[in-house]
Amino acid sequence: MNCDEFRLLLAEAWGGELAGPARAEFEAHRQACTACGREYDSGRATLDVLRELSGPRAVRLRREGARLVFEDVAGVAAPVGGRRPRWASVSRYAAGLLLAFVGGYGLHAGLMLSSAGPVSSAPAEVGAAPSPRLDATFEAALARAHYRNPTASGLAKCVTALAAVGRAGSGVAPQ
Amino acid sequence: MTFSGATSSPGFEAYIHDVYGWAYRVLGHHHDALDVVQDVFLKWNRQCAADLPEQPRGWLRRVTLNRALDVRRAQQVRTAAQRAQVPTDAGREPRLAMTNPAEAEESQRALRDRLTGALAELSDMQRSVLVAKVYDNLTFAELAEEMGVAVSTVKTHYVRAVQAVRDRLTTGGVDEVLP
Ligand SMILES: [Zn+2]
């Protein structure tokens, strides 16, 4: 596999859809080619940062007359280092926010929407196996970020590490 | 996702949790996300009550993300205006080298601004593909079907979106918020 062929598989690799012989070839090139390895690592780290923007774990919706009632089921997952919404700290179940929808459009009485919600259950990346290069660079950068600023949020440390990986990756010629 | 009760037609309520989740990712705040849900619901009723989009979920994702980013921009403008009225160094860029929770929260907000700023600069298609892949865990094939385009097109948008967000995070001032 050469660098051009590697780049054609980046979508599948970042998207957790790379499998079979292509995955093995991709992995081999990633290990061998510094530029491609950094390209993959920086993209994966970017996706990790995006996943840090976690959403609520579960919200239950029901209709009360012409209104919608949201209830926090498992507690809103506040953004890393962020605050919980004020209402959620009052009462997990009783303090749902009421939304009065104009006109009371077609919502069915008794509708109950229950879901695991948009949990950031990130699919495994390339082969679900942790990237050795990522272990060696991005995670080391993460550790340094933590050492420098232990009180910073996880997201902040992630961005710091990502920037460090990006800076280290500049100026490297592809194989 | 499970339903109970009457669900005789696939109306807005079938997607409302998704709408809330997409809005929350951008805004990071429960109440703001609910406001967006309401806005999108009204838009849905204006535009889709008689003529349901061919791909309702894709339509809703795009509309919700755009609306949430509009709200985010408006918040940022208000925040900037408030800062401009405060003397001393309150208007400086926040840094990660903070020692108290208030500064940590400010830094978190700045980082979310940077991420949402990066999302805002993507095309509708790139943004939808990235969000659907990262937060909805759809496959490229599912996304291609939802968007009515080729799988290769979806993959191209995904790669460009990841690269654009990465470039936004690693260049163009990320050092301003780094220690
Ligand atoms: Zn290469």
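In this text the structure is predicted, and so the values were computed from the model without any measurement. Labels below follow one simple rule: chain letters A, B, ... track the order of the sequence lines, proteins then strands, and each chain is numbered from 1.
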Shortest non-hydrogen contact from [X] toward [Y]:
X	Y	value
E17(A)	T139(B)	OE2-CA, 3.1 Å
V162(B)	T46(A)	O-CG2, 4.0 Å
A11(A)	K155(B)	CB-CB, 3.6 Å
Y158(B)	W14(A)	OH-O, 3.2 Å

Answer yes if [X] and [Y] sit in the same cluster of Ile, Leu, Val, Met, Phe, Trp and Tyr residues linked by side chain heavy atoms under 4.5 Å apart, and no otherwise.
X	Y	value
L10(A)	M1(A)	yes
L122(B)	M125(B)	yes
M147(B)	V151(B)	yes

Might you confirm whether atom CZ of R160(B) has over 12 heavy atoms from other residues, nucleotides or ligands at distances under 6.0 Å?
-> no
More than 12 heavy atoms of other residues, nucleotides or ligands under 6.0 Å from CD of E25(A): is that the case?
-> yes
Of all residues at least two apart in sequence or in a different chain, which pass the salt bridge (Lys or Arg N to Asp or Glu O under 4.0 Å) check with R166(B)?
-> E39(A)
Does Y135(B) use its side chain to pair, donor to acceptor, with the backbone of L50(A) at less than 3.5 Å?
-> yes
Bottom line for L143(B): the part with an atom under 4.5 Å from chain A's heavy atoms is neither
Report yes if the side chains of L47(A) and L130(B) come closer than 4.5 Å at any heavy-atom pair, otherwise no.
-> yes
